[in-house]
Structures are given as structure tokens and as C-alpha cells.
There are 2 protein chains.
Amino acid sequence: MSAPKLLLVEDDTALAELVEYRFRGEGYDVRTTDDGDEALLLAAEDTPDLVLLDWMIGGTSGIEVCRRLRRNKSTAHVPIIILTARSDEDDRVRGLETGADDYVTKPFSPRELIARVGAVLRRVRPALAGETITVGDLALDPTAHRVTRRGQAIKIGPTEFRLLRHFMEHPGRVFSRGQLLDAVWGSGSDIELRTVDVHIRRLRQAIAIPGAADPVRTVRSAGYALEGV
Amino acid sequence: MSAPKLLLVEDDTALAELVEYRFRGEGYDVRTTDDGDEALLLAAEDTPDLVLLDWMIGGTSGIEVCRRLRRNKSTAHVPIIILTARSDEDDRVRGLETGADDYVTKPFSPRELIARVGAVLRRVRPALAGETITVGDLALDPTAHRVTRRGQAIKIGPTEFRLLRHFMEHPGRVFSRGQLLDAVWGSGSDIELRTVDVHIRRLRQAIAIPGAADPVRTVRSAGYALEGV
DNA sequence: GGCGCACGTCACGACAGCGTAACAAATGTC
DNA sequence: GACATTTGTTACGCTGTCGTGACGTGCGCC
């Protein structure tokens with residue numbers, strides 16, 4: 001549920017197994033493939049939270065996988081860490097140009113890789129790294145499953161919690177009802193769009209405290225957003 | 001249960017005796033072997049809390065023992081400290097890649113090794129370092145196998161003890177039933193998820209005292225957590 | 001052997017939380 | 001201002017989850 005999902009694309013089987021093992025030990029949910037095309041499929045059917053991408057793989061080259069991940073809407077914003085054997089500067093530039101978030105040259109220690117992954121996740125989605133996220137006077141602790149506003153605890157149901165968490169991971173950004181259904185309920189759920197409204201109301205009710213403005217903004221005919229800072 | 005169990009794999013008999021002697025003096029339960037294969041057997045039949053592994057030993061090489069410890073489910077998460085004569089950087093990388101937790105180069109003072117072992121145990125499982133952990137008005141003494149609340153002794157069964165200890169090692173954090181089964185019952189035990197509920201109830205009953213709130217929090221559709229401070 | 005204890009499982013009941021529909025209110029359009 | 005569209009709000013039935021008591025079993029101890 002809250003374990004960050006990694007997609008590992010690596011054709012060195014031994015290395016892949018090692019990395020997979022260590023990350024599982026760290027509480028990650030890892031899926032592995034040695035093929036670029038399969039990677040794109042896997043990423044499409046269940047969007048990972050981060051992609052570890054070998055630079056040179058069979059099927060499609062790493063740079064191509066990177067580009068195509070970016071092109072696809074659901075995977076466009078997934079952070080990517082490139083693994084490469086060459087410490088060549090040209091490659092580094094090309095990798096980052098293609099939209100990779102970080103760059104690790106082989107040989108690396110799993111510990112180093114774990115640290116890098118942690119760093120990228122902390123930067124991109126703090127809640128996935130188990131860190132408390134703060135937006136305005138709201139604070140959400142994902143590991144303790146706790147929400148506070150101005151220091152006082154908020155009683156909140158599971159769905160509202162996930163909804164709020166999604167908002168707090170992208171403060172200020174407007175989400176359509178469909179996007180919220182995908183992100184909070186899961187992409188395969190056929191739920192009425194209007195159901196979102198009800199949960200927005202419940203969320204508003206839950207985080208409402210007297211004398212404070214409602215941080216949930218309605219954007220007419222577009223969706224909802226959390227007031228960022 | 002209370003004394004941390006060490007497995008020492010070392011073929012320098014004099015050194016092994018010295019280390020063993022010193023650690024026994026510190027209250028550890030030490031078993032020693034000079035053979036890699038025997039080490040794996042010993043580890044399998046009675047999972048140690050930490051393995052001290054010489055890099056170069058007869059039978060199987062240290063790195064191989066390390067790998068095979070990791071591959072076995074019951075020993076997969078046991079911390080390993082590598083002892084090596086070479087301060088060579090390549091080895092260091094390879095050792096950590098294989099999943100060792102720390103690395104001590106010979107010659108070392110027993111005092112240093114004791115400190116490192118303590119540090120690793122504290123990091124991995126605070127209760128094994130023999131320190132009493134305190135959360136709120138609860139206190140748990142892992143060596144004496146005793147729990148007190150507001151100073152008064154609590155009668156508690158073995159499973160509830162391990163459950164409470166796990167909670168107290170991670171106060172405030174929410175664990176799913178599956179995670180609790182892995183952590184308290186051991187991974188690979190096929191126990192019904194709902195069994196956790198029953199033991200949660202028994203734990204609640206055990207630590208309940210009149211006029212005090214229940215420190216075990218139910219997080220609906222997520223799991224349970226111990227109220228942190 | 002008899003006893004007590006701790007354990008894992010089950011079944012039942014309670015209820016929180018969910019999704020939906022229906023109606024009220026607000027907002028935008030001409 | 002009249003209308004259409006979008007959103008807010010409420011009520012309701014249903015499902016899934018949780019708490020709880022009871023039961024059978026295995027094990028060690030006396």
C-alpha cells in the first residue's frame with residue numbers, strides 16, 4: 001500500500017537480483033525486467049514510483065525507454081535513475097537531457113543506490129520516503145497515518161487520508177475528478193465521478209477548524225486543488 | 001532470547017578465542033566455527049542476531065557465506081559484520097554489495113569490535129542491545145523479558161511480548177497485519193491475518209490499566225500502531 | 001496422566017466508511 | 001432575469017472491517 005514501487009530495468013541478471021533483494025529488504029516493492037519494451041508495458045499497467053534504468057539493455061536502448069516513458073502521460077512524471085557502466089560525460093549529459101533525475105555509474109554499492117533512490121523520492125514525493133509533508137498549516141505523517149492542522153490531530157477516514165495525501169504531494173495543482181479517481185482510488189476503478197465531490201466534502205469537513213479558511217479550492221469545470229502555502 | 005546471539009566465523013583460533021571470551025564477558029551468547037559450511041548450518045538451526053564473518057576462511061569464502069546467508073529466508077535479515085585483514089577498497093565495495101552491514105579491518109581491538117556490534121544491533125533492533133525501551137508510560141526490558149506500565153508489572157505472554165516489543169521499537173508507526181506477521185511471527189509463517197487481531201486484543205488486555213487510555217491505535221484498513229509518546 | 005497455559009482459528013455482531021442518488025444551491029451564459 | 005450547467009449537501013443502503021467471545025489443540029509442568 002504505502003511501499004514505494006520500483007521498476008528495475010537491467011539485463012545483468014546477477015546485479016538485478018542483488019539490487020532487487022536489497023531494495024526488498026528496505027521495504028520497496030520491486031519489479032524487474034531485462035527488456036525495454038516490457039518495461040514500458042509494466043510501467044503502463046501499474047505506474048511505478050521510480051524507475052531504475054540500465055543504460056544499455058536489449059530490446060530498446062535505455063535512452064529510448066526514458067523518452068517513451070516521458071511521452072506517456074501516466075508515466076511522464078515518474079522519476080528515473082540511470083544506471084550505466086560508462087562514466088562518460090557525453091552519456092551523462094544525454095541521460096539528464098532525456099529527463100533522468102539522477103545518474104549512477106557502475107560499479108556502485110547497493111547502499112549508494114539506496115541512498116540515491118531515497119534522495120530522489122524525498123525530493124519528488126516526500127511522503128513515499130516516509131517523511132512528514134507540510135502544506136500551509138496542514139501536516140501529514142504517512143508512516144503514522146496521522147494528520148494535524150495547527151498542531152491539533154484530525155480524525156480522518158482512509159479514503160480522505162489518501163485524497164489529502166495526494167493533494168499535499170502536489171500542492172496548488174488542480175486535479176480533475178477523473179485524475180483524482182485514478183490517483184486515489186486506482187486506475188481501474190469504475191466509480192461515479194460525482195463520488196469525488198462527496199469525499200471532497202468529507203475531507204473539507206474533517207480538516208475544518210473554526211476561524212480558518214478552507215484550503216480545498218474548487219476550480220469550476222476543472223476540478224479541485226489544495227491551496228499551496 | 002535475552003542475550004544477543006552471535007555467530008563468529010573465524011579460522012584464526014587464537015583470535016576467535018579472544019573475541020569469544022570478550023563477548024561472553026559482555027553478556028553475549030557466542031558460537032564459533034572456522035568453517036563456512038558449518039556456519040551456514042549453525043545459522044540455519046538457530047538464527048543468530050548477528051554474524052561476525054571472517055573474509056578469508058576455509059571451506060567457503062566469506063563472500064560466499066554472506067551471499068548464502070542472504071539467500072536463506074530465515075537468515076536473510078541477520079546483520080553481518082565482515083572481518084578482514086585487507087583494508088583494500090575493492091573488497092570493501094564487494095563486501096557491502098553482498099549485503100554486509102559493517103566492516104572491520106584487522107588488526108582491531110576487541111573494544112572496537114564490541115562497539116561496532118553494539119552500534120549495528122542498536123540500529124537494527126534496539127531491544128537486542130539490551131537497553132530498556134520506553135514509550136509513553138510503558139517500559140520494556142528485553143533482557144529481563146519484563147514489561148511495566150506506570151511502574152507496575154504487566155503479565156504478558158511470549159507472542160504479546162514480541163508484538164509489543166516490535167511496536168515499541170517503532171513507536172507511532174502503523175503496521176499492516178502482514179507486516180506484523182513478518183516481524184513478529186517471522187516471514188514465511190502462513191498464519192491467518194485475522195490472528196493478529198486476536199493478539200492485538202490480548203496485548204490490549206494485558207497492558208490495560210484502569211484510568212489510562214489504550215495506547216494501541218487501530219488504523220482502519222491500514223493496521224495498528226502504538227501511540228508514540 | 002492430568003492440568004494449565006498459550007496459541008491459532010472461527011463465527012457472530014456491531015458499525016464505520018463507502019458509493020450512489022436525489023435535491024438544493026451556486027455559478028455562468030445569453 | 002431565465003435558463004443550463006456545475007457543485008454542495010444530505011440521506012440511505014450496503015459492504016468490509018474490526019472487536020470479541022468461544023473453541024480445539026499442542027505443549028510443558030507438576
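Each chain gets a letter, A, B and so on, in the order the sequences are listed, and its residues count up from 1.
Interatomic distance, CD of B/Q205 versus CG of B/D214, reported as 10.5 Å (0.5 Å rounding). In this structure, the separation between CD1 on B/I114 and CZ on B/R22 is 5.0 Å, given to the nearest 0.5 Å.
The side-chain heavy atoms of B/L8 and B/L83, taken from C-beta on, include a pair separated by under 4.5 Å.
A donor and an acceptor atom never sit less than 3.5 Å apart when one is taken from the side chain of B/R204 and the other from the base of D/dG19. On a pure distance criterion of 3.5 Å, no polar donor-acceptor pair joins the side chain of B/R201 and the base of D/dG21. The base of C/dT27 is paired with the side chain of A/R220 by a donor and an acceptor separated by under 3.5 Å.
The aromatic rings of A/F175 and A/H166 sit tilted, their planes meeting at an angle between 30° and 60°.
Nearest to the side-chain atoms of A/E160 among the listed nucleotides D/dC18, C/dA6, C/dC18 stands C/dC18. In this structure, the nucleotide among C/dT20, D/dT7, C/dG8 sitting nearest to the side chain of A/I191 is C/dT20. Set against D/dT9, C/dG17, D/dC18, the side chain of A/P158 has C/dG17 as its closest nucleotide. Of the candidate nucleotides D/dG19, C/dG19, C/dA22, D/dG19 has the atom nearest to the side chain of B/D197. Nearest to the side chain of A/R202, among C/dG17, C/dC10, C/dC18, sits C/dC18. Which of D/dC18, C/dC10, C/dA21 sits closest to the side chain of A/V198 comes down to C/dA21.
B/T159 comes within 4.0 angstrom of sugar-phosphate atoms only, judged by non-hydrogen atoms across all strands, and of no base. Residue contacts shown for A/T218 are limited to sugar-phosphate atoms, with no base heavy atom under 4.0 Å away. Residue A/Y224 is in sugar-phosphate contact alone, with no base atom involved, counting any heavy-atom pair closer than 4.0 Å across all strands shown.
The nearest heavy atom of DNA chain D to B/V219 and to B/Q205 marks one nucleotide each, and the one closer to the 5' end goes with B/V219. Toward the 5' end of DNA chain C, the nearer of the two residues B/V196 and B/K155, judged by each one's closest nucleotide, is B/K155.
One interatomic measurement links the two molecules: CD1 of B/I200 to C1' of D/dT17, which rounds to 15 Å at whole-angstrom precision. Between A/R194 atom CZ and C/dA21 atom C1' there is a gap of 10 Å when expressed in whole angstrom units. Rounded to whole Å, atom C1' of C/dT20 lies 15 Å from atom CZ of A/R177.
Residue pairs that meet the salt bridge (Lys or Arg N to Asp or Glu O under 4.0 Å) test with at least one member in residues 215-224 of chain A, sequence neighbours left out, are A/R217-A/E227.
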